[in-house]
Each structure stands twice: as C-alpha cells, then as structure tokens.
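Report on the following structure.
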Amino acid sequence: MIHSSTGYAAHDPAKDVSDVMRSRRTVRAFRDQPVARELVEEVLRDAAAAPSGANMQPWRVYVVAGTVKDMLCAAVLAAARGGKGLPPAHLPEPLPEVFRSRMADFGARYYRSLGIERSDVQARAGQTERNYFFFGAPVGLIFSIDRRLKPHSWIDLGLFAQGLMLSAKARGLDTCPQVSFAPFHETISSVLGMPSEEVTVFGMSLGYGDLNAAVNRTEMPRQPPESFARLLGFPT
Ligand SMILES: Cc1cc2nc3c(=O)[nH]c(=O)nc-3n(C[C@H](O)[C@H](O)[C@H](O)COP(=O)(O)O)c2cc1C
C-alpha cells in the first residue's frame with residue numbers, strides 16, 4: 001500500500017513487530033564484526049522504554065567489549081574451572097514433570113545441532129564453557145538488580161531484556177540471554193566494580209550471528225495459545 005501524502009510504501013507496524021518477535025532466536029555462534037557503540041546506545045534507549053512497577057526502572061546493565069570483555073571472560077572461566085561458582089539456583093528440585101520434559105526436548109535439539117551425544121559429558125561441558133566467552137560475540141551484557149527489591153521488580157528487568165533483544169533483532173543484531181553467568185556474581189561484581197547492593201541476574205551475548213552455524217538453525221517449538229491461555233467471557 002502507498003501512503004497518499006508521502007508516497008512511501010506504508011508498513012503495517014503489527015506485521016513488523018510480529019516479524020521481529022517471531023524471528024528472534026537465541027544465537028550461540030557470532031561473526032567477528034564489531035558492534036558500533038552508537039548502535040548499542042540506541043538499543044539501550046529502546047530497552048529503557050519498558051514498563052516497570054511505579055516506573056522504578058530497576059534495571060542495571062554492564063555492557064562490555066574489547067579488553068574489558070576479555071578480562072571478564074577469563075575471570076569467569078577461571079572461577080568456573082576452580083569450582084568457585086554458586087550451585088545453579090534457577091531451577092527447583094524436583095522440577096515439575098511438564099518442565100522437565102520440555103527441558104529434555106530442548107537439550108536433545110540443542111546437542112543434536114552441535115553433533116554432541118548426550119552421553120558425552122566432556123563435550124557438553126566444553127559447550128557450557130562457551131557461555132563464559134559470550135559464544136564469541138563482540139559484546140557481552142551483564143544484567144543486575146538491587147538485591148533489596150522483590151521478585152516483582154525482577155519482572156521489570158525481564159521486560160527490559162526482552163525489549164533489548166527485540167530492538168537488537170530489528171537492527172540486524174542477535175542475542176543469547178544467559179543465566180549461566182548468575183552463579184559467578186562474586187567474580188563478576190569484582191571485575192565490574194558493582195556496588196554491594198547489586199546482584200547479577202543473567203548475562204547476554206550481543207553481535208551479528210553466524211547464520212550458517214548449525215547451532216543457530218535449531219528451531220525451538222512453542223506451545224500454542226490454547227495450552228497456556230484461557231479466554232473467558234468472549235462471545236462464541
Ligand atoms: C532468562 C534466560 C536464561 C537463559 N540462559 C541460557 C544460557 O545460560 N545459555 C544458553 O545457551 N541459553 C540460555 N537461554 C536461551 C534459551 O535456551 C532459549 O531462549 C530457549 O531455548 C528458546 O529458544 P529461542 O530463544 O531460540 O526461541 C536462556 C534464556 C532465558 C530467557
């Protein structure tokens with residue numbers, strides 16, 4: 001459709017937004033191409049448009065590149081190899097069956113795309129370590145929040161991160177959100193000089209994805225709305 005006053009083709013914003021949301025994928029192999037600082041700043045400005053309870057904007061993010069990123073990665077790797085991370089605390093034990101089976105499906109797809117046998121503990125550990133290098137991305141992000149806040153404020157941080165990933169995707173960038181950094185808060189906070197009230201929640205890789213890498217072509221299926229939503233009171 002051509003817009004009558006401008007002569008430009010009018011975009012359907014709903015389609016643009018849907019396209020970006022549905023084409024975002026977690027990317028775990030990146031090209032060397034650096035990301036311009038201005039682009040990072042633009043993405044951060046978009047992310048800050050996220051809603052937050054009482055507009056408290058509790059998000060904090062450290063964006064690292066170059067030698068600072070290298071220093072952080074080396075420190076986290078050393079902590080991981082030295083057994084200095086906290087035990088992963090993001091999943092309950094036991095994990096309810098519905099989630100356990102989705103997680104198993106994720107693992108099967110992920111390791112198949114890498115050609116790693118599930119029984120190959122060493123290869124899986126090597127792949128896990130790639131998290132600590134931001135999967136080779138030129139930019140790494142560490143998201144933190146004031147530890148005195150309640151879980152509701154952590155929702156705000158999640159909304160901020162999703163906005164950031166979508167803004168990045170719309171600008172040709174790719175991301176991988178990473179809870180794997182959370183156990184290394186002590187190391188990360190000391191490298192980055194975080195104030196003592198902050199706690200590391202997760203990290204994220206940011207860069208231009210290597211779209212030829214098989215690991216980046218893994219489809220992660222979604223449940224249909226009928227399975228997670230109940231629509232009540234609508235005329236039939
Ligand atoms: C909060 C959060 C933490 C995650 N942590 C990791 C991680 O540590 N390492 C990793 O490779 N992927 C991680 N992921 C990516 C998920 O595995 C991925 O989002 C999921 O399998 C769905 O795939 P998709 O993002 O490609 O649609 C994380 C995702 C989220 C939202």
Side-chain angles (χ1 to χ4, degrees), residues 17-30 47 50 58-61 72-73 76-77 79-80 85-92 95 98-116 118 123-137 139-145 151-170 173-185 187-188 199-211 213-225 227-228:
V17 171
S18 287
D19 284 350
V20 172
M21 293 183 84
R22 295 184 194 196
S23 64
R24 182 213 54 80
R25 295 265 179 288
T26 288
V27 160
R28 298 181 180 91
F30 291 85
W59 40 78
R60 285 287 171 273
V61 60
L72 179 68
C73 293
V76 172
L77 181 68
L86 295 172
H90 62 286
L91 295 173
L95 188 61
V98 58
F99 304 118
R100 181 167 295 283
S101 77
R102 284 182 200 157
M103 197 171 168
D105 177 65
F106 158 76
R109 290 169 189 269
Y110 180 34
Y111 290 111
R112 197 183 312 126
S113 75
L114 291 159
I116 296 176
R118 278 190 71 71
R124 287 173 58 181
Q127 181 61 20
T128 297
E129 280 194 347
R130 293 192 49 71
N131 270 285
Y132 313 139
F133 295 100
F134 296 104
F135 294 104
V139 177
L141 296 94
I142 298 291
F143 295 79
S144 67
I145 196 164
H152 259 275
S153 295
W154 288 48
I155 295 172
D156 303 339
L157 182 62
L159 295 172
F160 174 81
Q162 169 73 341
L164 192 155
M165 290 190 284
L166 296 177
S167 172
K169 179 72 194 168
L173 289 161
D174 296 291
T175 50
C176 176
Q178 293 165 266
V179 73
S180 3
F181 282 101
F184 302 102
H185 168 70
T187 301
I188 294 171
V199 60
T200 300
V201 182
F202 57 101
M204 187 181 287
S205 306
L206 174 71
Y208 295 95
D210 172 359
L211 302 182
V215 70
N216 289 339
R217 281 189 265 117
T218 324
E219 281 275 329
M220 291 296 169
R222 295 298 196 270
Q223 303 294 317
S227 75
F228 61 79

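Indexing begins at 1, ligand by ligand and atom by atom, following the structure's order.
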Self-check item: Residue pair F106, F99: steps toward the ring-ring contact (aromatic ring centres under 6.0 Å, His included) verdict
Solution: CA-CA 10 Å; F106 158 76; F99 304 118; over 10 Å; no
Quiz item: Is a side-chain donor or acceptor of S23 paired with a backbone partner of D19 at a separation under 3.5 angstrom?
Solution: yes
Quiz prompt | Test item: S113 side-chain N/O and Y110 main-chain N/O as donor-acceptor pair under 3.5 Å | solution = yes
Self-check item: Backbone of K169 reached by a side-chain donor or acceptor of D174 within 3.5 Å
Solution: no
Quick check for students: name every N or O atom pair between ligand 1 and the protein closer than 3.5 Å, with distances.
{"from": "ligand 1", "atom 1": "5 (N)", "to": "P177", "atom 2": "O", "distance (Å)": "3.2"}
{"from": "ligand 1", "atom 1": "5 (N)", "to": "V179", "atom 2": "N", "distance (Å)": "2.9"}
{"from": "ligand 1", "atom 1": "8 (O)", "to": "V179", "atom 2": "N", "distance (Å)": "3.1"}
{"from": "ligand 1", "atom 1": "8 (O)", "to": "S180", "atom 2": "N", "distance (Å)": "3.1"}
{"from": "ligand 1", "atom 1": "8 (O)", "to": "S180", "atom 2": "OG", "distance (Å)": "2.4"}
{"from": "ligand 1", "atom 1": "9 (N)", "to": "N131", "atom 2": "OD1", "distance (Å)": "3.0"}
{"from": "ligand 1", "atom 1": "11 (O)", "to": "R28", "atom 2": "NE", "distance (Å)": "2.6"}
{"from": "ligand 1", "atom 1": "11 (O)", "to": "R28", "atom 2": "NH2", "distance (Å)": "3.4"}
{"from": "ligand 1", "atom 1": "12 (N)", "to": "R28", "atom 2": "NH2", "distance (Å)": "3.1"}
{"from": "ligand 1", "atom 1": "14 (N)", "to": "P177", "atom 2": "O", "distance (Å)": "3.1"}
{"from": "ligand 1", "atom 1": "17 (O)", "to": "R28", "atom 2": "NH2", "distance (Å)": "3.1"}
{"from": "ligand 1", "atom 1": "19 (O)", "to": "T26", "atom 2": "OG1", "distance (Å)": "3.2"}
{"from": "ligand 1", "atom 1": "25 (O)", "to": "R24", "atom 2": "NH1", "distance (Å)": "3.0"}
{"from": "ligand 1", "atom 1": "25 (O)", "to": "R24", "atom 2": "NH2", "distance (Å)": "3.2"}
{"from": "ligand 1", "atom 1": "25 (O)", "to": "T26", "atom 2": "N", "distance (Å)": "3.4"}
{"from": "ligand 1", "atom 1": "25 (O)", "to": "T26", "atom 2": "OG1", "distance (Å)": "2.6"}
{"from": "ligand 1", "atom 1": "26 (O)", "to": "T26", "atom 2": "N", "distance (Å)": "2.8"}
{"from": "ligand 1", "atom 1": "27 (O)", "to": "R24", "atom 2": "NH2", "distance (Å)": "3.3"}
{"from": "ligand 1", "atom 1": "27 (O)", "to": "R222", "atom 2": "NH1", "distance (Å)": "3.3"}
{"from": "ligand 1", "atom 1": "27 (O)", "to": "R222", "atom 2": "NH2", "distance (Å)": "2.7"}

Quiz item: Judged by atom type as modelled, is there a donor-acceptor pair below 3.5 Å linking the side chain of R222 to the main-chain atoms of M220?
Solution: yes
Quiz item: In terms of ring plane angle, is the pair F160 and F143 parallel, tilted or perpendicular, where the classes change at 30° and 60°?
Solution: perpendicular
